[in-house]
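I have placed the structure first, in the form of structure tokens, so that the comments after it can refer back to it.
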Amino acid sequence: MSHTQSYDVVVVGAGNAALCSAIAAKEGGASVLVLERGPVEKRGGNSFFTDGAIRVAYNNLDAIRKVIPELTDEEAEMIVMPEYGEKDYYDDLMRVTGGKSDAGLAKQLVSKSYETITWMRDQGIKFELNYDNQSFIQDGKRHFWGGLPIKTEDKGVGLMKQLFARVKELGIDIWYEARAVKLIKENDQITGIVVEKDNDTITVNTGSVILACGSFEANKKLRSEHIGEEWEAAIVRGTEFNTGDGIFMALEVGAQKFGEWSGCHSIGTDSNAPIVGDFTKPGDIFKKHSYPYSIMLNNEGKRFVDEGADLRNYTYAKYGREILKQPGHVAYQIYDAQVRPMLRKEYDLEEATFYQADTLEELANLLPVDKKQFLETIEEYNKAVQEGDYKPAEKDGKGTIGITPSKSNWALRIEKSPFYAFPVTCGITFSFGGLHVDPLGEVLDKEEQPIKGLFAAGEMIGGIFYENYPGGSGLMSGAVYGKLAGTSAAQYILGKSAELVN
Ligand SMILES: Cc1cc2nc3c(=O)[nH]c(=O)nc-3n(C[C@H](O)[C@H](O)[C@H](O)COP(=O)(O)OP(=O)(O)OC[C@H]3O[C@@H](n4cnc5c(N)ncnc54)[C@H](O)[C@@H]3O)c2cc1C
């Protein structure tokens, strides 16, 4: 049975991009319906799983204090906060994407980032300083680095809780277990959307649809087709519901594909992490990011990357896919007792899988690896380690000579008992392929003309991220383009109604 309902704007998805667009459309005067494919206990998309790190361009600590007014004068006095201007953000985006990010979309993301985060603050989203991963203490002061000093309070869980609270406060309707399946386009404009809900097919009449329902990272078949066969085996770090529905609905009505369809972001993650994100265990707890202090061996007992090639921020996204290429898609991060206390917090969580032994021989016996080769590789590595000052907080140049691949920094012999092995596999974060939008969030057709009444935001947008993304820009892109798409959609539909009246 099919029945119809009407809204000015329908938003597909209920992650960060979707809820920012729903709020902006409502602020713009539109009646808004949000469709979420998941049940209420699995709402919030990938945004729910994040660490909440959000990248914004800012001038100084005063600018940050407007976003985090809770910061006291005493705390502020202790902080050294280098400027991270629009040019720094833009340059970082271009650097990590090999210069491929679409200049117009990138500029819009960067230049709207600060006003968007203050708008989020006005909506009730709370932010705090990212002390743990983005600062260090020197000369009695806390120095921030890397352009990522802000995160949402209580990570992605807090972000989504506060966004849902605001949506409720504004009286925006949300339908759960409501999967958008088809756009209706008549006379060159969107006129409705078809939704599967409660074993029923419902048509919602609307002149304006905002697609904010993720990319296709949770779809094995599409991963295999577009990114590569081995990607079938990747663990999905976030929601199971981002299977590409929105992208393919838009392509059906003539939208243009854009961006790196063969690319995705991925990392090395605990090999026992759930196969898709578990909504009862959010907070990005399965990553294993201390590998620059390790050596990584595969099942054949061989190393396969320079673990210490650079600071973690610059290698982690590349090394996920290197792990995926290894036999069985697994590798073991090996540490000894000297290094173990320096590992990041995630290694101490009860969810962390690891093996521990008093000798390397015993460790090898615990693992399903080629034991002879495993021990030989470690012995060769230990012999190749050069003397030098070991400085874990900076590139110390303490490397190896005579082995391939070499280890360029942080090379310490693996010699102090007990010894540890942390098994890791590849977890996909999101795929980069998406739709072509203009800087206002309007979806473009093959002639690069806006499809009337169709907008997109968040992961759905192609062309901003290639090969990698600067950490924290996923949430910022969702917020910037979510707000823009919401405003554009409300203006479009209310402008159209006004035309009809006149
Ligand atoms: C573990 C993890 C940690 C991360 N950490 C960070 C971080 O700290 N900082 C950062 O910037 N980025 C981070 N990211 C990336 C970030 O999550 C994404 O870039 C961002 O959240 C995408 O937001 P979105 O709103 O586009 O999509 P999502 O938040 O995924 O929302 C999409 C929504 O659409 C719904 N949906 C899908 N199909 C349909 C359909 N047919 N009908 C109705 N609804 C549908 C889904 O259920 C979901 O609710 C992380 C990602 C993961 C997985």
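As the structure lists them, so they are numbered: ligands from 1, and atoms in each ligand from 1.
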Atom indices of ligand 1, in the order listed, that fall short of 4.0 Å to a heavy atom of N242: 30 (O), 32 (C), 33 (C), 34 (O), 37 (C), 46 (C), 48 (C)
Numbering as shown, the atoms of ligand 1 that approach G52 to under 4.0 Å (heavy-atom distance): 8 (O)
Decide whether the shortest distance between a heavy atom of T429 and an atom of ligand 1 is less than 4.0 Å. yes
Is ligand 1 less than 4.0 angstrom away from at least one heavy atom of G156? no
What do you reckon, does R179 have a nitrogen or oxygen under 3.5 Å from a nitrogen or oxygen of ligand 1? no
Could you tell me the residue and atom name of the protein heavy atom closest to [atom], and the distance to it rounded to 0.1 Å?
{"atom": "atom 11 (O) of ligand 1", "value": "L475 N, 2.8 Å"}
{"atom": "atom 28 (P) of ligand 1", "value": "N46 N, 3.4 Å"}
{"atom": "atom 21 (O) of ligand 1", "value": "S47 OG, 2.9 Å"}
{"atom": "atom 16 (C) of ligand 1", "value": "T50 CG2, 3.8 Å"}
{"atom": "atom 18 (C) of ligand 1", "value": "E459 OE2, 3.7 Å"}
{"atom": "atom 25 (O) of ligand 1", "value": "A17 N, 3.0 Å"}

Under 4.0 Å from ligand 1, counting heavy atoms only, is it the side chain of [X], its backbone, both or neither?
{"X": "C213", "result": "both"}
{"X": "A212", "result": "backbone"}
{"X": "D245", "result": "side chain"}
{"X": "Y469", "result": "side chain"}

Flag for [Y]-[X]: side-chain donor and acceptor within less than 3.5 Å:
{"X": "T353", "Y": "N272", "value": "yes"}
{"X": "E467", "Y": "T97", "value": "no"}
{"X": "S294", "Y": "Y332", "value": "no"}
{"X": "Q333", "Y": "Y347", "value": "yes"}

Only one of K287, K345, R237, K151 passes salt bridge (charged side-chain N to carboxylate O under 4.0 Å, His left out) with D51, and that residue is K287
What is the distance from atom OG1 of T239 to atom CD of E36, rounded to the nearest 0.5 Å? 7.0 Å
How long is the span from the CZ atom in R55 to the CD1 atom in I150, to the nearest 0.5 Å? 11.0 Å
N60 side chain to A63 backbone, donor-acceptor under 3.5 Å: yes
